[in-house]
Each structure stands twice: as C-alpha cells, then as structure tokens.
Amino acid sequence: MKMRSFFKMAAAAVLSVSMLAGCSAPSESNNNSSDGTIKVGIMAPLTGDNAQYGIACRNGAKLYLDQYNEKGGVNGKKIEIVEYDEKGDATEAVNAFNLMVKDGVTAIVGDVTTTPTIAVAIEAADVNMPMITPSATAAEVTSYGNHMFRSCFIDPFQGSKMASYSYEKLGAKTAAIIYDTGNDYSKGLTEAFTSTAKELGLEVVATEGYAKADVDFKSQLTNIAAKNPDVLFCPDYYERIALIAQQAKDAGLNATFVGGDGWDGVLDVVSDTALVEGAYFCSGYSTDDTTPAVQQFLKDYQAAYNEMPNMFAAQAYDAAKILAAALEQAESKGLAVGSDEYKSAIIEAMDATDMDCVTGHITFDENNNPVKDAVIIKITDGKYTFDSKF
Amino acid sequence: MMTFIYQLINGLQVGSIYALVALGYSMVYGIIMLLNFAHGDVIMIGAYTIWISITAMGLHPVLAVLMAVVICTLLGMFIEKVAYTPLRKSPRISLLITAIGVSMLLQNLAQIVFGANAQTIPSIVTAPNITVGSMQVSVTAVITIVVSILSMLGLTFLVQKTKMGKAMRAVSEDTEAAQLMGIHVNHTISFTFAIGSALAGIGAALYCCAYPQATPTMGSMLGLKAFVAAVLGGIGSIPGAMIGGFVIGIAEALVKAAGLSVWADGVVFAILIVVLLFKPTGLLGRTMNEKV
C-alpha cells in the first residue's frame, strides 16, 4: 500500500515533468526522445527459481528487438532495451516497474510468471503503461485494464480449440470428457470444451469427474465406454493421463484421445506407448513446426544464443513483434514519445493487432487474450509428431 | 444393464486387491491384536520392487512379481522382528504408534531413494481384452479376480488344514495356552507376518497391473481402505476380510459410476463409521472377551 502511494506520487511527478516539458519544448516531452530512441522495458526473472523461463523470454524478446533495430528501427528511432531482473518475486517486480517508469520506459514486454505479472499489471494500470506478457496464462492477468496484453493463450482456450479440432478435423460427432474436478486447469479446459462443443453441434455424451488423488478411473471409463464416443477429452497432466490411458484400454474404450498441453511428457510415463497411440493434443509451439516463420526463428535464435528456443522464447519473440508494430502505429501519428497519448496509441494499435507471428496468426479478443492457432501434436509410432497448425 | 455388469466387474477387481490387503491386516490383528498400519507401505515397497526388477534388472514380469512377493515377505518378517517383537509385552497403544512410525519411515525412505515423482511400471499384462458374447472383459480384471480368489482358497487351506495353520489358530485363540501346549509362539507370529506380507506382495502385483505407477504414498490410501474392509468383514476373520474387500470395492465402483466420484472415499469411510457404531465386530467377527 505504502509502495503504491509512493508510486502514484512518483508517477504524478513524472507526468507533471512531462507536461512542463511539453509546454517549453513540444518536440521533447522528456528524456525519452531526446536521444532519438524509444525505451522498451523487458522484465523477467533472470535469476532464481523461474530463471529458466525468464531467460528464455528475455532472449526471445531481445532477439526480435535487435533484429528490428538492425532494420532501421521505428521511424528512424532505435528501440532501447531497458532490462530488469525481478527474480520471480512480486515485490521485486513492482520495484523494477517503478525503476522503468523512472527510466522513461514507454512500453514493457513482461512479466513472465503469473503472480508478479498481476502485481505489475495493477500498478501499470494507474499510468496506462502498455504491457504484453509472453507467458502468464492465468485468466486474471489481463483483467486489470486495457493496457495489459499477452501473447500466450490462456488455459481454457485449449479446451475450445480441441473441441473445434475434434469436430472439424477428426470428424467427431460425439465426445466424452473425463476431468479432475479439483483442478482449475482441468476444469477450465472442460468448461471451454463443453461450451464450444455445444456451439458446434458436437454432442458431449458423457462428462465424468474424478477426485484429486484418485488412481482408479475404471468406473467412469466404463460409463464412457457404454456411450461409445468418437473422442475422449482428457484435460490433465501427463502422469494422470498415463493411468487413464491404461484403464481406458481395460474398459474397452476405442475413442481417440484428445487433450491439452498437459499431455506433453506423457510418452515418458506411460507403461506402453501403444496406449496413447493416435492421440492428439495442442500446444503453443513446436520446434517440428514446418512453417517458414518458425524455421527462420529457430535458425535466428540458434545463431544468437546457440540453443533451441523453447515455447517461452517463441512467445516472447511474438510479444516483442506485436509491441514493435504498435510502436510504429503510434509513431506514425507523430505523437511525442512517452506521452499519455503515445501510450494510448500503442494500446489502441495492439488492440487492433492482426498479423502472422511465430506461434501463429494473432488477433486479440475483448479481454486482450490472443486468438491464434494452436499447434496440434499427434502421437504416432510412439513419438510426438507435428500434425498441423489449427 | 451391461454397464452395470461392467461396473460390478470393476468393483470386484479393485475389491480383490482390497481383500488381499485386508487379509494381511486381519491375520496380524487376529494373532497379536495389532493394527499393522505399515501393511499398506509393504505393498508400496512391492510395487517399487516390480518397477526395479523390470526396468533396471530387465527381469521378465512374472519373475518380477515373484521377486515382489519374496521381498514383501522378508520385509514383513523383518518389520515384525525389529519393530514389534521388542514391544510384545508393552501396552497395545505403543505397538500401534510403532506401526504408524514404521509406515512413515517406509514412505519417507521411498521418497528419498526413489524420489517423490511417480515411477512408471511397464505393462505386466499386455493381452487384449477377452470378448465373451457381446461383452468385452479386460484380462487384467480377470487375472486379478482369479489370482485373489486362488490366494484366498490357498490361505483358507493353509489355516484350516495344515499344522502351521492350526498353530496360528491356537495362538490367536490364547497365546499363553498355546505356548503351554508346546507351540512355538514366536515362529508362529513370524509365519503369520510372512503370509500376510506375501499376500501384500501379490496385491502389489495386481495393483500394478491396473494402475501402473509407483509412488511413495500409494500404500496409505490403499491400506486405509483395506483396513475398512477388514473392519467391515470382522477383523480377525479370513472370509470376513474377503467379503469386506469385495463390498468396499463394489461400493466404490458404484458410487463413481453414479457420477459421485468425489464422494467415493467419503462413502468408504462412512461405511467404517457405520460399522463401528452399529456392529463393531463386523459382519463375520466374533465377540471376544478382553483378555486380562
């Protein structure tokens, strides 16, 4: 609370400085554009427990912004990266945000994990700071104002993707769901799957729940087998999927398995890969994706960092791309860098995003969540194989 | 109707496992009045034994199962010698607390040695489902039910017809009198633990067929439910433990089938409360006068 009021004062001070500056010299609002650069913040946990995510995000975003500068930048102005390590901690993240404001940052790529992202999103709402997180998936993240965007899809989105995919691509007429009633991820995907299935006319013939610590699903699977559905949607993490797959076979179930990104890793824990053969699940990104944009990204990233980019790096690259495109829009209006109008223009331009990115074609819905393709992965011959973008 | 029959089979399958475990509880309670809460964890060790035998040692699944039975038997006897024998003359509450201690020790030991993550057990039974008319029955279910019924028949024979069984019954009836009649009480108790743990080993194998994962805490819920089965059937009674296991298994399957899966565990423990309130001796238990 104290931090926040301090911050408001600081923000007010910055604003009044910029207004005063605006009076005296219209071309220079504050220290932002004086040297012909636009300051963009990258906030990520670069040390600590979440560093592996944070570093990937920082690298992905930095790669794009560097490439962008090499091409000449925005309107002749280079993007200057202001980077802060928030150590995966909400308080540190708010501090980092305040420092960024002090540094004259115009927009931010970040934060990475859900809790600090929410803390910063709340603070940033007060100054209408444009932000785009590459990776915070909780629905709540973008609910604190129109300034907050994300380039990853939220969990429930996968449920509705898989419903559409089952209906449109797998030709399913009937579906069944088995899910963990005590897990938000599993519940969210189930609700989204059900509502999309209803819209499409894909009949959900059975929805069976199980409790958190259960290992026995035979009764539920027997009920499902009696309805003989075309697909069985299992939105859970891989360890549980392995048990469900074994018992589905015992229950004589012939449905095609479909699932969300929690399936990634199932082949390591399933007692026999034949049990999940032919299953489909969605993911945000796959290095097996043959799309030219992805292949180019893989090449560039490996050249820059000498390692394969993971999903976080790809989503951060996209976040930076969306932001840079929005900066161009704001610049084209001839607004003073860092001014309130400039920030509003960035947000407006991000709202209207409609472009091809590494992780798919992205537009934003009314909640600033991306509407984009998912990568569909199929398990074939005991291996994960890239099936399609959907 | 068809679904109902399938659900009964599901119930019998899981019930057979409960019954095998419940037998271990019942026999031990019958002979030294101890609720051996470490019994569930013996099954956990059995599951890890199967896992190691198949993945690290490359044994055939059948040999792995035998290995699990042997290890469980030895472990059961070891626990009895180290933890319970020194407390034979102590109050029963000390024994009970020791049993809980052993249970925790085994769980934490497994967590240190094998890690907290689930370990995947390769398929033990790979045969396709059996088709009977229009019904498909899983081989795992058939094997589980058949193996446990055979084990129970074997056990009944052992207890009723052999000399060792006679000794077990005698010790369970009256330890001092049995000793006076020349029965080696310590050997008999060890033997009881060995048999109970061997059944736990078989239970572990059947459990792994159906749920091919081993975790350090897998034994605790299984053990508790088997305990409820033993109490329901009448603790100390062998046929009671079997009936209790089947009833609990079927009750659980039907509750889940009715879409109330979240309540399945609740129903099992509600059965325990009801039994303890209205018929503490269980279905087939005999009323025992407290020995002085």
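Here is how names work: the chains are called A, B, and so on, in the same order as the sequence lines, proteins then strands, and each is numbered from 1. The basis for the numbers below is simple: all heavy atoms, side chains too, and nothing from hydrogens, waters or symmetry mates.
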Checking [X] against chain B: side chain, backbone, both or neither under 4.5 Å from a heavy atom?
{"X": "A:Thr181", "answer": "side chain"}
{"X": "A:Glu239", "answer": "both"}
{"X": "A:Asp268", "answer": "backbone"}

**Request:** Please report the shortest heavy-atom distance between B:Ser261 and A:Gly209, naming the atom on each side.
**Result:** OG-O, 2.5 Å
**Item:** Closest-packed option against chain A by number of heavy-atom pairs under 4.5 Å, given B:Val262, B:Asn129, B:Ile121
**Value:**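 Option with the top pair count is B:Asn129.
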**Asked** Who wins among B:Gln213, B:Gln136, B:Met221, B:Met218 for the most heavy-atom pairs under 4.5 Å with chain A?
**Response**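 Max contact count across the listed options: B:Gln213.
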Under 4.5 Å from any heavy atom of chain A - which part of [X]:
{"X": "B:Ser123", "answer": "both"}
{"X": "B:Val14", "answer": "side chain"}
{"X": "B:Gln119", "answer": "neither"}
{"X": "B:Ala210", "answer": "both"}
{"X": "B:Cys209", "answer": "backbone"}
{"X": "B:Tyr207", "answer": "side chain"}

Does atom [atom1] ([X]) have a neighbourhood of more than 12 heavy atoms from anything else shown, all under 6.0 Å?
{"X": "A:Tyr165", "atom1": "OH", "answer": "yes"}
{"X": "A:Tyr185", "atom1": "OH", "answer": "yes"}
{"X": "B:Phe4", "atom1": "CZ", "answer": "no"}

**Message:** Please determine whether side chain to side chain contact (heavy atoms under 4.5 Å, CB included) holds for the pair A:Asp214 and B:Lys256, giving the CA-CA distance in whole Å, both sets of side-chain angles, and the decisive distance to 0.1 Å.
**Reply:** CA-CA 11 Å; A:Asp214 276 0; B:Lys256 284 184 179 174; 3.9 Å; yes
**Request:** Say whether, by atom type as modelled, one donor and one acceptor occur between the side chain of B:Thr3 and the main chain of A:Asn223 under 3.5 angstrom.
**Result:**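 Here the side-chain-to-backbone pair does not exist.
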**Asked** Can any side-chain N or O of A:Lys218 pair as donor or acceptor with the backbone N or O of B:Gln13 at less than 3.5 Å?
**Response**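 Pair absent, no side-chain N/O of A:Lys218 close to backbone of B:Gln13.
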**Closest-packed option against chain B by number of heavy-atom pairs under 4.5 Å, given A:Asp216, A:Asp272, A:Val269** = A:Asp216
Value rounded to 0.5 Å, distance of [atom1] in [X] from [atom2] in [Y]:
{"X": "A:Leu221", "Y": "B:Tyr6", "atom1": "CG", "atom2": "OH", "value": "13.5 Å"}
{"X": "B:Leu8", "Y": "A:Ser219", "atom1": "CG", "atom2": "OG", "value": "10.0 Å"}
{"X": "B:Met2", "Y": "A:Thr222", "atom1": "CE", "atom2": "OG1", "value": "12.5 Å"}
{"X": "A:Lys249", "Y": "B:Thr140", "atom1": "NZ", "atom2": "OG1", "value": "5.5 Å"}

